[in-house]
Amino acid sequence: MLSSLKQDFFAQDAEIVARELLGKILVRKENGKEKRAKIVETEAYYGPEDPASRACKNGDLKNTMESNAGTILVYGVHNNWLINFVTGTKGKAEAVLIRALEPLNFNEKCSGPGLLTKALNINKNFHNKTIGNELYILDNPEKVEIIESFRIGIKKDLPKKLRFYIKDSKFVSRR
DNA sequence: CATATGATGGACT
DNA sequence: GTCCATCATATGG
């Protein structure tokens, strides 16, 4: 039985959490049913420091990013939902975006931030909730090869590689 | 209420 | 690789 990640796991720098999250198992419980998926792609986001993050402008987002580690942040853009986990210590405005998952016990596309939220039935009502019974992450001893690169689809980015994904995973978004 | 915006996805060349 | 349909959100009046 794999252990569930505790809040202190998320209380690290967003970049660290983003790396560590790769290969771990995301669990979504809904009406007694359980969907599991391996995290294969993430991105680190910072608040005011990050030109890509809308937290600098959006008060609600910023507020959520500054709240406690392990808080779920859901943001809607285009016709999709994007899910993040708040990281760092309180007041730090950091988060990790989950970009892609590898479905384990179900069969829906998760190769993209919008798709995975659809597959797992995640929407705005998860916003500002905390990792818990309905949504949580299991540790995974499996070793993965991590590739880092610049983030995707963003207007202005920091000159840092903040996107992390598992080498050779066919489930990451293609861009 | 009206308007601007975009952390996308998918189809197509 | 490029192009575009689409729509929930934020913000201002």
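The figures that follow rest on heavy atoms only: side chains count, while hydrogens, waters and symmetry mates do not. Computed from a predicted model, the values in this text were never measured in an experiment. Reminder, nothing fancy here: chain letters follow the sequence lines and each chain counts from 1.
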Any chance you could measure A:Asn140, atom CG, to A:Leu26, atom CG, to the nearest 0.5 Å? 12.5 Å
Counting any heavy atom closer than 4.0 Å, what does A:Ile154 reach on the DNA or RNA strands: base, sugar-phosphate only, or nothing? sugar-phosphate
Protein-nucleotide distance (A:Lys118, atom NZ; C:dA8, atom C1'), rounded to Å: 13 Å
Taking only side-chain N and O atoms of A:Arg99, does any of them lie within less than 4.0 angstrom of OP1 or OP2 on B:dT8? yes
Between P of B:dA7 and OH of A:Tyr46, the distance in whole Å: 18 Å
What is the distance from CG of A:Asn80 to C1' of C:dA8, rounded to the nearest Å? 10 Å
If we only count heavy atoms from C-beta on, is the A:Ile146 to A:Lys167 side-chain gap below 4.5 Å? no
Could A:Lys161 and A:Glu148 be called an ion pair, given the rule that one side-chain N must be under 4.0 Å from one carboxylate O? no
Rounding to a whole Å, what distance do you find between A:Lys124:NZ and C:dA10:C1'? 10 Å
Pick out the pairs of N or O atoms, protein on one side and nucleotides 1-5 of chain B on the other, that lie under 3.5 Å.
none

To the nearest angstrom, how far is A:Lys109 atom NZ from B:dA11 atom P? 7 Å
Closest approach to the side chain of A:Tyr75, judged atom by atom: which nucleotide of B:dG10, C:dT9, B:dG9 is it? C:dT9
Please tell me which of the listed nucleotides, B:dA7, B:dT8, B:dG10, lies nearest to the side chain of A:Leu61? B:dA7
Within 45 degrees of the axis of the six-membered ring of A:Phe106 and under 6.0 Å from its centre: does A:Arg28 put its NZ or CZ there? no
For C:dA8, is there a stacking contact with A:His78, counting only centres under 5.5 Å and planes under 30°? no
Euclidean distance, atom NZ of residue A:Lys156 to atom P of B:dA7 [Å, nearest integer]: 12 Å
Rounding to a whole Å, what distance do you find between A:Leu116:CG and B:dG9:P? 8 Å
Under a cut-off of 3.5 Å for both distances of each Watson-Crick or G-U pair, what dot-bracket string does DNA chain B give, using [ ] for crossing pairs and | for inter-strand pairs? ||||||.|||||.
Given B:dG9, C:dA8, B:dA7, which nucleotide is nearest the side-chain atoms of A:Trp81? C:dA8
Note, A:Ile131 side chain near A:Gln7 side chain (heavy atom, < 4.5 Å): no
Is any side-chain N of the basic residue among A:Glu41 and A:Arg163 closer than 4.0 Å to the acidic one's carboxylate O? yes
Run the salt-bridge test on A:Lys118 and A:Glu108 with the 4.0 Å N-O cut-off and return the result as yes or no. no
If we only count heavy atoms from C-beta on, is the A:Ile122 to A:Val74 side-chain gap below 4.5 Å? yes
If you only use heavy atoms from C-beta on, which nucleotide in C:dC7, B:dA7, B:dG10 is closest to the side chain of A:Asn79? C:dC7
Between P on C:dA8 and CG on A:Asn125, what's the gap in Å once rounded to a whole number? 14 Å
Stepwise, does the salt bridge (Lys or Arg N to Asp or Glu O under 4.0 Å) test hold for A:Arg99 with A:Glu43? CA-CA 7 Å; A:Arg99 276 196 63 87; A:Glu43 282 180 7; 3.6 Å; yes
Assign A:Asp60 to base, sugar-phosphate, or nothing according to its heavy-atom contacts below 4.0 angstrom with the strands shown. sugar-phosphate
I need the full list of ring-ring contact (aromatic ring centres under 6.0 Å, His included) pairs touching residues 8-40 of chain A, with sequence neighbours left out, sorted by first then second residue. A:Phe10-A:Phe85
A:Asn58 side chain near C:dA10 phosphate (N/O to OP1/OP2, under 4.0 Å): yes
